[in-house]
Amino acid sequence: MENKKLYIETYGCQMNVSDTEVIFAILGRHGYERTENIEEADIILANTCSIRDNAEQRVWGRIDYFHTYKKQHPEVIVGIVGCMAERLGDQLIKGDKVDIVAGPDAYKTLPDLLEHLASGHPQINVKLSKEETYAEITPVRTDKNGVSAFISIMRGCNNLCSYCVVPYTRGIERSRDPHSIVREACDVFHKGYKEVTLLGQNVDSYCWKNGEETVDFADLLKMVAEIDPRLRVRYSTSHPKDISDKVIETMAQYENICRHIHLPVQSGSNAMLEKMRRRYTREWYLDRVRKIKSLMPDCNITTDIIAGFCGETEQDHQDTLNLMKEVGYDYAFMFQYSERPGTLAARHYPDDISPEVKTRRLNEIIELQNQLSLESNERDLGKIFKVLVEGPSKKNANELCGRASNNKMCVFPDTEHKAGDYVDVKVIECTSATLICERV
Ligand code: 5AD
Ligand code: SF4
């Protein structure tokens, strides 16, 4: 019998990209073959995100599309997996549009769920687990260029930030066996990958205990960095309350741990940080930034910011803007607050900032960040960076693009090198998004 073809659309974060690779591996073992062409698919899955309402609205739009598509292809199976599956469960099955619903800890049961569809009923598994880390699954890589691989090091989150749905959709925090992480990193390196990104909701609380052995995040970073100096190590996401001196010192010791920390601040106002249950203050955050910059002056710091959280005053907003200037962020992801059902904020604080004010504040934040990003890039003019080539630049086939250690995208004329090569370049011009370079 011919293999069934599996098509997966991925929404949301890098963690979801990594989970999609785990799903391909699990179903691959059961004879389901990956396709990138929906027209060929026997099974269509959407790996979904619930972080903001607009992320969910996009998926509802896709569900309607799949429903229409199924009218012409009645044998196709449609499944919703990931955070939205976890959050909405059997609500997704109403209207007979979806056949399978599986939450983030239920992917090993997908082969059974598919088999049980023969009963004629939709299948759901949204059980969360305290242990599942998919440690022993070798993901099927879905990246385009074979240069950079995601490796999930932990799952879930225990922080309970008041605005955030993740603890409810991904369950409690659990760390993956470090030896399986190192094995996976070695394996991708030997397959030709040059960069790994270690993923977790809060990597700084990574902790593995086994008998006498305790491995924290700094130890893990060291273990992965020591695989080979030609393997670059990145990670995401840090939590300002937990990022330790030991982690910062470990980064500084290894040149192949990239000079970039994604350190989501969310707000510059202590009143908002308290209400968000972030458990740090503006002062604490700025101290962490100082520590990073004192050991690694060339380390880029990027962030996430939420505009218009419950009760945010004009002064709170100004505090965010002036904190952004004080840190001088190199890049930021910026959002309007979106109330998520069931979260602490939804239960305790009215979503009382009008859409107009949220939009205006967000626009001010974006405008400031564009200026800060440009200034950050201008500071790099004349510097020499080692770029890991990702492939031809989008605009010009005679140019290559790739990232510097600090995560900035560099483009430069070059027809000799290829994806996976390291090339030294000098920055000669820039925009707010890109460094324009020449080979040295
Ligand atoms: N509304 C808006 N942004 C949110 N984020 C998380 N939850 C919400 C929400 N309810 C943002 C945070 C987080 C990033 C991944 O998404 O900034 O760091
Ligand atoms: Fe990722 Fe959070 Fe979206 Fe889930 S809700 S997919 S954890 S960003």
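Any value given below was found using the heavy atoms of this structure, including those in side chains, with hydrogens, waters and symmetry copies removed.
Residues satisfying the side chain to side chain donor-acceptor pair (under 3.5 Å) test with Glu314, not counting sequence neighbours, are Arg360, Arg361.
What you find for Thr343 and Ser162 is that their closest heavy atoms are CB-O, 3.3 Å. Closest heavy-atom contact between Leu220 and Val215: N-CG1, 3.9 Å. Taking every heavy atom of both residues into account, Cys49 and Glu56 meet most closely at O-CG, 3.7 Å.
Annotation: side chain of Arg277 is in contact with side chain of Leu160 (closest heavy-atom distance under 4.5 Å). Counting only heavy atoms from C-beta outward, the side chains of Val76 and Tyr69 approach each other to under 4.5 Å. Between Ile26 and Pro111 the shortest side-chain heavy-atom distance falls below 4.5 Å. Residues Val101 and Asp90 form no side-chain contact, since every pair of their non-hydrogen atoms from C-beta on lies 4.5 Å or further apart. Using a 4.5 Å heavy-atom threshold, the side chains of Leu221 and Met251 count as touching. Two residues are said to be in side-chain contact when any heavy atoms from C-beta on lie closer than 4.5 Å; Thr133 and Met154 fail this criterion. A heavy-atom distance below 4.5 Å is found between the side chains of Met334 and Leu362. A 4.5 Å side-chain heavy-atom check between Arg170 and Asp19 finds at least one atom pair inside the cut-off.
By the 30° and 60° cut-offs, the orientation of the rings of Tyr107 relative to Tyr134 is parallel. Between Phe335 and Phe333, the angle of the ring planes stays under 30°, which puts this pair in the parallel group of the 30/60° scheme.
With 3.5 Å as the limit, one finds a donor-acceptor pair spanning the side chains of Asp143 and Tyr193. In this model, a donor atom of one side chain and an acceptor atom of the other lie less than 3.5 Å apart for His262 and Thr302. Under 3.5 Å, the side chains of Ser205 and Glu173 contain a donor-acceptor pair of N or O atoms. Side-chain contact of Ser180 with Arg176: a donor-acceptor pair under 3.5 Å is present, judged by distance alone. Judged by distance alone, the side chains of Asn47 and Thr10 never bring a donor and an acceptor atom under 3.5 Å apart. In this model, a donor atom of one side chain and an acceptor atom of the other lie less than 3.5 Å apart for Asp319 and Gln315. Side chain to side chain, Ser432 and Asn370 fail the donor-acceptor criterion of an N or O pair below 3.5 Å. Side-chain N/O atoms of Glu364 and His317 include a donor and acceptor closer than 3.5 Å. For the residue pair His179/Glu184, the side-chain donor-acceptor check at 3.5 Å is not satisfied. Judged by distance alone, the side chains of Arg174 and Asn158 never bring a donor and an acceptor atom under 3.5 Å apart. Using modelled atom types and a 3.5 Å distance limit, the side chains of Asn37 and Lys5 yield no donor-acceptor pair. In this structure, a donor-acceptor pair under 3.5 Å is present between the side chains of Thr313 and Asp316. For the residue pair Glu195/Ser148, the side-chain donor-acceptor check at 3.5 Å is satisfied.
Here CZ of Arg58 is found 10.5 Å from CG of Asp53. Values are rounded to the nearest 0.5 Å. We find the CD1-CD distance between Ile93 and Gln123 to be 8.0 Å, quoted to the nearest 0.5 Å. Atoms CD and SG, from Gln201 and Cys157 in turn, are 5.5 Å apart once rounded to the nearest 0.5 Å.
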When you look at Asn270 and Glu283, which way does the side-chain hydrogen bond (donor to acceptor under 3.5 Å, both in side chains) test go after all the steps? CA-CA 9 Å; Asn270 279 336; Glu283 293 72 28; 3.1 Å; yes
side-chain contact (heavy atoms from CB on, under 4.5 Å) between Glu312 and Cys310, intermediate numbers included: CA-CA 6 Å; Glu312 185 185 70; Cys310 313; over 6 Å; no
Between Ile77 and Ile44, is the side-chain contact (heavy atoms from CB on, under 4.5 Å) condition met? List the steps. CA-CA 6 Å; Ile77 294 167; Ile44 299 172; over 6 Å; no
side-chain contact (heavy atoms from CB on, under 4.5 Å) between Ile365 and Thr320, worked out: CA-CA 8 Å; Ile365 290 169; Thr320 297; 4.3 Å; yes
Take Tyr235 and Phe217, measure what ring pair (Phe, Tyr, Trp, His ring centres under 6.0 Å) needs, and give me the verdict at the end. CA-CA 10 Å; Tyr235 64 87; Phe217 182 58; 5.0 Å; yes
Could you walk me through whether Leu128 and Arg155 pass the side-chain contact (heavy atoms from CB on, under 4.5 Å) check? CA-CA 11 Å; Leu128 287 173; Arg155 299 183 70 82; over 6 Å; no
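For Asn406 (side chain) and His260 (main-chain N/O), no donor-acceptor pair under 3.5 Å exists by modelled atom type. No side-chain donor-acceptor contact under 3.5 Å links His73 to the backbone of Glu75. At distances below 3.5 Å, at least one donor-acceptor pair connects side-chain atoms of Asn322 with backbone N or O atoms of Gln318. Using modelled atom types, no side-chain atom of Ser267 and backbone atom of Leu273 make a donor-acceptor pair closer than 3.5 Å. Remark: the backbone N or O of Leu117 is not paired with any side-chain donor or acceptor of His121 at under 3.5 angstrom. Judged purely by atom type and a 3.5 angstrom limit, Arg259 uses its side chain to pair as donor or acceptor with the backbone of Ile257. Judged purely by atom type and a 3.5 angstrom limit, Arg141 uses its side chain to pair as donor or acceptor with the backbone of Phe150.
Contacts classified as ring-ring contact (aromatic ring centres under 6.0 Å, His included) and involving residues 336-359 (residues at least two apart or in different chains) are given here: Phe309-Tyr337.
A cation-pi arrangement is present between Arg288 and Trp284, with the terminal nitrogen or guanidinium carbon under 6.0 Å from the aromatic centre and inside a 45° cone about the axis.
In summary, of the residues considered (Met409, Arg403, Lys408), a side-chain contact (heavy atoms from CB on, under 4.5 Å) with Leu435 occurs for Lys408 alone. With Val327 as the fixed residue, the side-chain contact (heavy atoms from CB on, under 4.5 Å) test singles out one of Leu372, Leu286, Leu263, Thr303: Leu286. For the side-chain contact (heavy atoms from CB on, under 4.5 Å) criterion with Ile306, the lone passing option out of Gln336, Gln266, Arg52 is Gln266.
A salt bridge links Glu326 with Arg282: at least one charged nitrogen is closer than 4.0 Å to a carboxylate oxygen.
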